[in-house]
Engineer: 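Shown below is the structure under consideration.
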Amino acid sequence: MPNTISKFPEVFTKALDEVLVTSSYAARYSDPGAEFVNAKTVNVPDITFASDTVNDYDGFKTKNDVTLSYTPYTLEHDKQASFDIDAVQDIDTAAILSTKAASEYQRTIFLPAVDKDFFKTAASKAKATGQETITKDNIKAEIRKARTQFTEAGLSGGDLYMSSTALAALEDAVDRQFSNETNIIDTVGSYDGFTIFEVPQALLGENVDFIVISGGKNTIRYIVKRAVAYLFAPGTHANGDCWLSQFRWVFGSIVKKNKKAGIYVNKHA
């Protein structure tokens with residue numbers, strides 16, 4: 001005989017409607033080895049040469065001068081989050097808030113904010129900015145401009161972050177022939193040596209069609225100086241009968257002054 005339930009379990013009606021969010025785009029450029037000075041300042045080493053001349057052989061009499069210097073950068077952001085979760089409410093809801101609030105906040109609010117800031121920094125520091133309205137007729141030519149810029153700087157390949165509209169234009173611009181009509185895939189995963197990532201427009205930036213980054217962490221770095229989380233049980237703090245969650249992040253994205261050639265952005269008017 002099947003079991004009968006006289007009342008629908010309330011825990012199911014209170015289940016979180018979780019939004020699926022992938023890992024941060026900025027995490028690909030994370031630099032855990034940054035040299036911190038004080039507060040939010042980080043020192044980034046730069047190697048410079050006195051001359052770009054290639055010397056003729058003269059028994060090594062001619063010397064080349066090389067200098068190692070450190071350029072200070074200030075991380076832009078010092079953010080926090082704090083939650084007071086009533087102890088009685090937490091019992092009634094099977095501890096959903098005290099155990100999941102932190103991870104949900106970071107996954108659905110904080111990480112998207114990090115990515116939005118990362119792409120904003122990349123776009124503002126790019127050596128060149130295209131201003132064409134992207135269509136299937138010009139998308140290839142616009143991507144080639146980025147490739148040309150990188151080639152002249154001695155770079156090749158990289159990551160191509162595209163809005164859904166720009167990626168659709170590229171997909172429409174690519175000529176295809178299918179031999180198996182039962183399994184047709186028209187997505188583009190890489191193009192001209194660039195690995196393609198489709199990015200929500202809200203993260204990529206207003207009117208930004210695509211951002212291309214070549215050189216990886218040598219071009220742009222996402223740096224976290226501090227990322228801490230504290231969880232205090234009821235009775236261990238002075239905020240009342242509640243679970244107290246506190247979070248703090250000190251972070252930022254930096255582009256070395258001589259590495260701007262590794263970034264290209266198209267932002268239509």
Engineer: Supply the atom-to-atom distance L75 CG to T41 OG1, rounded to the nearest 0.5 angstrom.
Structural biologist: 7.5 Å
Engineer: Any heavy-atom pair between the side chains of F83 and W243 that's under 4.5 Å?
Structural biologist: no
Engineer: Mind checking whether Y70 and V66 sit in one hydrophobic cluster, side chains of I, L, V, M, F, W, Y counted as touching below 4.5 Å?
Structural biologist: yes
Engineer: Please name the pair of heavy atoms, one in E76 and one in K40, separated by the smallest distance, quoted to 0.1 Å.
Structural biologist: O-NZ, 3.5 Å
Engineer: So do K256 and Y73 actually touch side chain to side chain, heavy atoms under 4.5 Å?
Structural biologist: yes
Engineer: Any chance you could lay out the side chain to side chain contact (heavy atoms under 4.5 Å, CB included) test for Y222 and I220, step after step, and finish with the verdict?
Structural biologist: CA-CA 7 Å; Y222 166 61; I220 184 170; over 6 Å; no
Engineer: Above 12 or not: heavy atoms from other molecules or residues under 6.0 Å from NZ of K225?
Structural biologist: yes
Engineer: Do the ring planes of F210 and Y264 sit parallel (below 30°), tilted (30 to 60°) or perpendicular (above 60°)?
Structural biologist: parallel
Engineer: Looking only at side-chain N and O atoms, does D159 offer a donor or acceptor that is under 3.5 Å from a partner on Y29?
Structural biologist: yes
Engineer: Evaluate the side-chain proximity of Q89 to C242: yes if any heavy-atom separation is below 4.5 Å, no if none is.
Structural biologist: no
Engineer: Can you tell me how far the CZ atom of R248 sits from the OG atom of S82, to the nearest 0.5 Å?
Structural biologist: 13.0 Å
Engineer: Over 60° means perpendicular and under 30° means parallel, so classify the ring planes of F194 and F150, tilted if in between.
Structural biologist: perpendicular
Engineer: Between V208 and F119, does a side chain to side chain contact (heavy atoms under 4.5 Å, CB included) hold up when you go through it step by step?
Structural biologist: CA-CA 10 Å; V208 176; F119 288 123; over 6 Å; no
Engineer: Can you find a heavy atom in the side chain of E171 that is under 4.5 Å from one in the side chain of T187?
Structural biologist: yes
Engineer: Please report the interatomic distance CD1(I213) to NZ(K259), rounded to the nearest 0.5 Å.
Structural biologist: 14.5 Å
Engineer: Any heavy-atom pair between the side chains of Y230 and S245 that's under 4.5 Å?
Structural biologist: no
Engineer: Roughly how far apart are D192 CG and L160 CG, rounded to 0.5 Å?
Structural biologist: 9.5 Å
Engineer: Students often mix this up, so state it plainly: with edges at 30° and 60°, are the rings of W249 and Y105 parallel, tilted or perpendicular?
Structural biologist: parallel
Engineer: Run R221 and D31 through salt bridge (charged side-chain N to carboxylate O under 4.0 Å, His left out) and show every step you take.
Structural biologist: CA-CA 6 Å; R221 300 180 186 183; D31 182 8; 3.1 Å; yes
Engineer: Are N64 and S51 packed together at the side-chain level, in the sense that at least one heavy-atom pair is separated by less than 4.5 angstrom?
Structural biologist: no
Engineer: Indicate, with yes or no, if I91 and I96 share a hydrophobic cluster defined by side-chain heavy-atom contacts under 4.5 Å among Ile, Leu, Val, Met, Phe, Trp and Tyr.
Structural biologist: no
Engineer: Applying the 4.5 Å side-chain criterion to the ILVMFWY set and letting contacts propagate, would F197 and V188 be lumped into a single cluster?
Structural biologist: no
Engineer: Between S214 and G157 (side chain of the first, backbone of the second, donor and acceptor by atom type, cut-off under 3.5 Å), is there such a pair?
Structural biologist: yes
Engineer: Around atom CD1 of I47, are there more than 12 heavy atoms of other residues, nucleotides or ligands at under 6.0 Å?
Structural biologist: no
Engineer: Would you find a donor on one side and an acceptor on the other, under 3.5 Å apart, between the side chain of D65 and the backbone of A50?
Structural biologist: no
Engineer: Taking all atoms of both residues into account, what is the closest heavy-atom pair of A233 and H237, and its distance?
Structural biologist: O-CD2, 3.3 Å
Engineer: With side chains defined as the heavy atoms from C-beta onward, is the minimum distance between I143 and V212 less than 4.5 Å?
Structural biologist: no
Engineer: If every non-hydrogen atom of Q201 is compared with every non-hydrogen atom of G205, which pair is closest and at what distance?
Structural biologist: NE2-O, 2.8 Å
Engineer: Could you tell me which non-hydrogen atom of I263 sits nearest to which non-hydrogen atom of Q149, and how far apart they are?
Structural biologist: O-NE2, 2.8 Å
Engineer: Ignoring hydrogens and geometry, is there a side-chain-to-backbone donor-acceptor pair from E132 to I139 under 3.5 Å?
Structural biologist: no
Engineer: State the CG-CG distance between D84 and N239, to the nearest 0.5 angstrom.
Structural biologist: 5.0 Å
Engineer: Over all heavy atoms of both residues, which pair between Q106 and P112 is shortest? Give the atoms and the distance, please.
Structural biologist: O-CD, 4.3 Å
Engineer: What's the shortest heavy-atom distance between A26 and V114, and which atoms?
Structural biologist: CB-CG1, 4.0 Å
Engineer: Let me confirm one number: the OG-CD1 distance from S163 to I211, rounded to the nearest 0.5 Å.
Structural biologist: 10.0 Å
Engineer: Verify the cluster assignment for F247 and V228: are they in a single hydrophobic cluster under the rule of side-chain heavy atoms below 4.5 Å apart?
Structural biologist: no
Engineer: Just wondering, are more than 12 heavy atoms of other shown residues or ligands nearer than 6.0 Å to NZ in K79?
Structural biologist: no
Engineer: Using a 6.0 Å cut-off, check whether atom NZ of K257 has over 12 heavy atoms from anything other than its own residue.
Structural biologist: no
Engineer: Could you state whether Y191 and L155 fall into the same hydrophobic cluster, counting links through intermediate Ile, Leu, Val, Met, Phe, Trp or Tyr residues with side-chain heavy atoms under 4.5 angstrom apart?
Structural biologist: yes
Engineer: With a 3.5 Å cut-off and no angle check, do the side chains of T62 and N55 form a donor-acceptor pair?
Structural biologist: no
Engineer: Report yes if the side chains of I134 and H268 come closer than 4.5 Å at any heavy-atom pair, otherwise no.
Structural biologist: no
Engineer: Out of Y161, F110, Y25, which one pairs with D115 under the side-chain contact (heavy atoms from CB on, under 4.5 Å) rule?
Structural biologist: Y25
Engineer: Below 30° counts as parallel, above 60° as perpendicular, anything between as tilted: where do the rings of Y57 and F60 land?
Structural biologist: perpendicular
Engineer: N266 pairs by side-chain hydrogen bond (donor to acceptor under 3.5 Å, both in side chains) with which of D209, N138, N207?
Structural biologist: D209
